[in-house]
Amino acid sequence: MGIQIHDTMAGEKVEFHPVVPGQVGLYVCGPTVYDHAHLGHARCYVAWDVVVRHLRARELVVKYVRNFTDVDDKIIARAAERGEDPIAMAARFADSFLEDMDAVGCLRPDVAPRVSGSMPGIVDLIGRLVEKGFAYAPGNGDVYYAVRKFPAYGRLARRNLDDLLSGARVDPGESKRDPLDFALWKGAKPGEPAWDSPWGKGRPGWHIECSAMTLEHLGAPFDIHAGGKDLVFPHHSNEIAQSAAAISGRLAPEDFARHWMHNGFVEIDQEKMSKSLGNFFTVKDLLRLHDGEALRLLLLGTHYRHPINFSDGLLGDAERRLGYLYETLEKADRIAEGAALDPVVSPWAEGSRTALDDDFNTAAVLGILAEAFTAANAAADRKGKKTPTDRGALARFALDARSVGAELGILQREAGEALRALRTRAAARRGIDPALVEARIAERAEARRAKDFGRSDAVRDELLALGVVLQDGASGTTWKVE
RNA sequence: GGCUCCGUCGCCAAGUGGUAAGGCAAGGGUCUGCAAAACCCUUAUUCCCCGGUUCGAAUCCGGGCGGAGCCUCCA
């Protein structure tokens, strides 16, 4: 059984076979950068990041393209409010976005084209569509795509033109022949960024950019086009219509992209989280209080196509869980140091990869990891001296855990360092002063030496009231924030 | 109204025809000066409801009920 992916076009899981054996072209619709990234972005791009990581782990050479939409109505509007240059503002939010995605452990794409830098391809593509009769310029500076010329229009979203007609509307000032037609090029309005074109100065419509950028960076057909569920219609549907019309004599959607994948939403109180509803968390806000890897762990706990109902408590749980994982790794590393590695790859690591083969089932992998970690702790805590075999097995565990973790984008930090970072953050969150804790621990150590357990327990209780939990171990007392 | 999707233990969540993973929480235990951590044990004869198909269904089909999304910008 090879890699199975859920293809929105097929409506089911299909076996994945790249167009060119051994190579994968992946295009992910990137953000429109008019504000900081929110949790929904993190969810989405973490999901596709796992896809990239796993395909690469399966020895496929992946070319990962993810655009920035930096020319858009919302950007122009927001920049006007702030009295900023729209492209410059977009560039700033793009940087902010990359910073956030780095923080949740996402690999950078191989190519990250921007609309503002892709104008020649966009204009050229529109020109081809006009030439072939799929697009028309009514003379007001706009260019529209004629959806009725494309027989497969709406197939991805399982919509037909008549279903769509009821909800369609035409803005005043547009000169569409059909209400469902959409703009490929918008004639410039005063004060807006504009580029030259055969139809006059203007800027691209929303959908054409992605078509142009995929064709420029991946060619056609390419393997996987991915994005949020909300893009199925109209964005991806329109992309298919444009692209296939431009490149495919038979107007076949599959001549553009072979597979379409879509991630589910983050919800707050069972409702879609979105900028327009105003119920969103920015990644930056969340990361001020919580570890980026913890957020990633939380996101990986739900299959990428399912909705995640987010709450702050869940993120706290994930952070504690991350602490457990790193504590286990630290323990295993300590015991296994210098041991001869058990040469056999753990069955559970193989099982994890198989689970990822099945439409990237990260939640199942976390279940598998949980059992492996429990077993590792049991082995590490077992009484008696560790044999070389025991230690080699723990070395194996740690290696495989990091290797599976690499496909999920977690557990790549040095364990002790990660634990210190988690503790520092948790202490800051609770307003705990580490120096004070250390001082109290020293006092308590003295009391314990004197067998003054009354005083010792008083310190424990005092710190516990602050949220500090003490752990007495063979090599002294350590502390953590509960 | 049309089109998608979802409903699994108190909470989170896999599983989509072969007899319910995992995490959190809870209870009991081992360990500990006491704890904490870790580990062990316990906790869904049952998967929203009602029919049907099948030797067999949480998984397939039909009908309800409940929730979400898209059809307008959105990851």
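No experiment lies behind these values; they were computed from the predicted model shown. In the text below, chain A, chain B and the rest are named by the order of the sequence lines, each starting its count at 1.
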Should the side chain of A:Arg460 and the base of B:A35 be counted as holding a donor-acceptor pair, with the cut-off at 3.5 Å? yes

Of all the choices, B:G22, B:G15, B:A36, which nucleotide is nearest to the side chain of A:Glu371 once you look at every atom? B:G22

Here the distance between atom C1' of B:G7 and atom CD of A:Glu267, to the nearest Å, is 12 Å

Which nucleotide in the list B:C34, B:A75, B:A13 gets nearest to the side chain of A:Ala363? B:A13

The residue, A:Ile308 or A:Gly454, whose nearest nucleotide of RNA chain B is more 5′ is A:Ile308

Complementary nucleotide of B:G33, counting Watson-Crick and G-U pairs under 3.5 Å: none

Would the distance check show the side chain of A:Glu293 and the main-chain N or O of A:Leu411 forming a donor-acceptor pair, the cut-off being under 3.5 Å? yes

Report yes or no: is the cationic atom of A:Arg66 (NZ for Lys, CZ for Arg) under 6.0 Å from the centre of the six-membered ring of A:Trp48, at an angle within 45° of the ring normal? no

Remember a base hit wins even if backbone is also touched, and classify A:Gly367 as base, sugar-phosphate or nothing at under 4.0 Å, heavy atoms. base

Pairing nucleotide - B:U53, Watson-Crick or G-U, each distance under 3.5 Å: none

Which residues within residues 471-482 of chain A lie with some heavy atom under 4.0 Å of an atom in RNA chain B? A:Gln471, A:Asp472

Distances for protein N or O near nucleotides 3-5 of chain B N or O, under 3.5 Å:
from	atom 1	to	atom 2	distance (Å)
B:C3	O2'	A:Ala157	O	3.3
B:C3	O2'	A:Arg158	O	3.3

